[in-house]
Amino acid sequence: MCGIFGVVSRGSLLPADFLPKAARGLAHRGPDDSGTILLNVADLEVGFAHTRLSIIDLSPLGHQPMQDPVSGNWIVFNGEIYNFRELRKELEGAGIEFKSHSDTEVILAAYRVWGESFLTRLSGMFAFALWDAPRKRLLLARDPMGIKPLYYHQSNQNFMFASEVRTLLQTGLVPRKLDSTGVLSYLAFGSVYEPWTIVEGVMAVPPGHVLTIENGSVSSREYWNPLQASSRAESDVSSGNGIATADRLPAIVRDAVLSHLVSDVPVGVFLSGGIDSSALVAVLSHNGVRANTFSLVFQEDEFNEGQYSREVARRFGTEHHEIPVSQQDTLAVLPEALCAMDQPTIDGINTHLVSAKTRAAGVKVALTGLGADEMFAGYSNFRRVPKMEAFSKRFARLPRLARRPLSASVALFAGKDDRSRKLAQLATDHDSIVHPYFLLRMLFGAAEREALFSARLEDSEHALESALRQSIARSSTLDPVNRVSYLESHWYMRNTLLRDSDFMSMAHGLELRVPFLDRALVEACFRIPGDKKLQGGRPKSMLLASLGVELPREIVNRPKRGFTLPFERWLRGEMRPVMEEALLKSNWDQTSIRASAVRGVWNRFLAGETSWSRPWSLFVLAQWCGQNL
């Protein structure tokens, strides 16, 4: 796991410290080694910078930027290729010789032999840039699920890319200006939705895509998406193969988890005591692997899950480590966590805390259960959204004259909490809602966003809505449950959970791996009929049935509870002076957000009329802008 940066400059000389400065800005992502290379190619300067977190082949032979001695190609690579040894063996059979034992060298050789098609052979998480020396072109590629980030900026003279948005800002070649669509999506959903970023002119390489930069032009090609698997699922269901896939699921889950152990350093497991992380431990134990597990143990009973993680560790005989933490510990690291945000987000503080404590305990790589909810229908949204979708379709068929009294009745009897208001909004604003899923995930509604923004938003609203509608159209052939799975993984998981996990863990030089997002497992899950995922009356029943061993009953039957922090209480208590200083006294001009509307959000929170997440989102935005703009 690493940090990467690069530039293709035409007609201008880069400063001598340009690449080393970029590497220093990414040092937290790769504290073990760093390197730069500057190539002069005709009228171009091509520069790469890399910072390394040594996981596979710890020797100097794994140093990057790395060159293929045969073709002259160069690469900077961030991530892990879990099947690199199998690919290496195949390449050796074709006569390829290797100098190192790194997966980076395998990528270079695979591209030389197979061309761009080798991307479909990779199993792993990755973002890399490859300079094709003979063809004088740059390739940027990102893994299918978007586990690893990759951003780029193009101007008349320069094309730049980096693992983090802030690195591009620090070059001084990117205007420090907020992107209106990025800010709009942040207010709508609590994180910036790709392909936009929070910075104007900086875009994200889409997951499962390869970008080609050649002769000053940029082209993009998709090499994989989960809907390819789901399109096969439709015929699978009719032929019974969807059920056959479910029968093969135990082997697929086992292979996914075990493949993520590839490493030349010890691999730990984040163990919360919930189903997802406990499932990882169960699979490892069932296959003869004694895991090193790490759990945060809160002093306060209302947040402490220690009894559950201890039971899982005892049942499966792990080498268990408890890391004690108090609410005051968590509150104390908030400023540091806010500084670690590459882009603003209302989530991620918990990941920062877990990562800091785990890295301090000597762990460099950890498995997490992220992705299990999205693939195995673990969220309440998997039951709620299909019901709301059915209601929306029935409501749309009603004559317009019949809709008004029904909408009024729903609004009249709706509760005052956010969930009730959203259900009422489905009826009252039916025609303007893209899909019920986005309504449930929404932070600020359209009217609230309009009140907050002083700038015109028509173009940004249209761009965001078009992207949301496109995802609905692309998933139209899926059954309702698998459609939610696609939407959750495409929007919430990628733009919040994965992104936050990346920059919060890499702030401490910790690599997080997500076995439940293994490509073969994702493809299998999309082939299984959605209604089968909800059978059994237990959460994630298909995952539980695929482990080969039973989890403790108290783990399976306990109510689902994420790793939550007491923000509601903090914002009214210890953090209130800090919040009011930021929200009520900040200069909001650079954000095009109305100070009066911000005050209104804060006052409604104090009055108990809205959740803590709304003022918190504005606080985080103000902090990010103060630090980076």
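Model, not experiment: these values are computed from the prediction.
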Is there a side-chain contact between [X] and [Y] in this structure, where contact means two heavy atoms from C-beta onward sitting under 4.5 Å apart?
X      : Y      : result
Arg142 : Lys148 : no
Ser617 : Tyr186 : yes
Arg474 : Tyr486 : yes
Met160 : Thr171 : yes
Glu214 : Leu138 : no
Leu130 : Asn73  : yes
Phe128 : Val76  : no
Asn495 : His490 : no

> Does a side-chain N-to-carboxylate-O contact under 4.0 Å join Lys364 and Asp32?
Replying inline: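 Yes, this pair counts.
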
>> Salt bridge or not between Arg569 and Glu574? Use side-chain N to carboxylate O under 4.0 Å.
In response: no

>> Could you tell me if Arg614 sits above the aromatic ring of Phe605, with its cationic atom closer than 6.0 Å to the ring centre and no more than 45 degrees from the axis?
In response: no

>> Tell me whether the NZ or CZ atom of Arg441 lies within the 45° cone about the ring axis of Tyr379 and under 6.0 Å from its centre.
In response: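 The answer is yes; both the distance and angle limits are met.
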
>> Would Ser277 and Phe294 count as a side chain to side chain contact (heavy atoms under 4.5 Å, CB included) here? Give the steps.
In response: CA-CA 10 Å; Ser277 59; Phe294 296 83; over 6 Å; no

Aromatic ring centroids of [X] and [Y] under 6.0 Å?
X      : Y      : result
Phe48  : Trp131 : no
Tyr223 : His209 : no
Tyr492 : Phe438 : no
His508 : His352 : yes

> For the side-chain contact (heavy atoms from CB on, under 4.5 Å) test, which of Asp500, Val354, Leu512 pairs with Ser505?
Replying inline: Leu512

Where is the tightest heavy-atom contact between [X] and [Y], given as atom of each residue plus distance?
X      : Y      : answer
Ala127 : Ile4   : O-CD1, 3.6 Å
Gly216 : Arg10  : N-NH2, 3.5 Å
Ser191 : Arg499 : CB-NH1, 4.4 Å

[atom1] ([X]) with more than 12 external heavy atoms under 6.0 Å:
X      : atom1 : answer
Asp459 : CG    : no
Arg221 : CZ    : yes
Asp17  : CG    : yes

>> What verdict does the side chain to side chain contact (heavy atoms under 4.5 Å, CB included) test give for Glu200 and Ser180, after you've listed the backbone C-alpha separation in whole Å, the side-chain angles of each residue and the deciding distance to 0.1 Å?
In response: CA-CA 8 Å; Glu200 187 173 276; Ser180 58; 5.8 Å; no

Indicate whether any N or O donor in one side chain lies under 3.5 Å from an N or O acceptor in the other, for [X] and [Y].
X      : Y      : answer
Thr104 : Gln64  : yes
Asn587 : Gln590 : no
Glu488 : Asn381 : yes
Ser185 : Trp196 : no

Any donor-acceptor pair under 3.5 Å linking the side chain of [X] with the backbone of [Y]?
X      : Y      : answer
Asp143 : Gly146 : yes
Asp103 : Glu80  : no
Glu45  : Leu38  : no
Arg594 : Phe453 : yes
Ser586 : Trp588 : no
Arg513 : Val365 : no
Asp33  : Thr51  : no
Gln627 : Trp624 : no

> With under 30° as parallel and over 60° as perpendicular, where do the rings of Tyr152 and Phe159 fit, or are they tilted in between?
Replying inline: parallel

> Using 30° and 60° as the class limits, which term best fits the ring planes of Trp616 and Phe567: parallel, tilted or perpendicular?
Replying inline: tilted

>> Checking Glu164 against Arg29 for the salt bridge (Lys or Arg N to Asp or Glu O under 4.0 Å) test, could you report, in this order, the C-alpha distance in whole Å, the side-chain angles of both residues, the deciding distance, and whether it holds?
In response: CA-CA 10 Å; Glu164 296 191 0; Arg29 298 184 68 92; 3.1 Å; yes

Measuring from [X]:[atom1] to [Y]:[atom2], what's the distance to the nearest 0.5 Å?
X      : Y      : atom1 : atom2 : result
Leu621 : Thr345 : CG    : OG1   : 11.5 Å
Ile593 : Leu452 : CD1   : CG    : 6.0 Å
Asp276 : Leu370 : CG    : CG    : 8.5 Å

>> Run the salt bridge (Lys or Arg N to Asp or Glu O under 4.0 Å) test on Glu194 and Arg494 for me, step by step, so that the C-alpha distance in whole Å, both residues' side-chain angles and the decisive distance to 0.1 Å come before the verdict.
In response: CA-CA 9 Å; Glu194 294 180 1; Arg494 186 211 307 178; 3.1 Å; yes

> Run the side chain to side chain contact (heavy atoms under 4.5 Å, CB included) check on Glu511 and Met125 step by step: do they pass?
Replying inline: CA-CA 11 Å; Glu511 174 177 298; Met125 55 181 184; 3.8 Å; yes

>> For a side chain to side chain contact (heavy atoms under 4.5 Å, CB included) check, start with the C-alpha distance between Leu498 and Leu517, then their side-chain angles and the critical distance, and finish with the verdict.
In response: CA-CA 11 Å; Leu498 286 175; Leu517 295 182; 3.9 Å; yes

>> Run Glu580 and Trp602 through side-chain hydrogen bond (donor to acceptor under 3.5 Å, both in side chains) and show every step you take.
In response: CA-CA 8 Å; Glu580 292 186 335; Trp602 179 244; 3.0 Å; yes

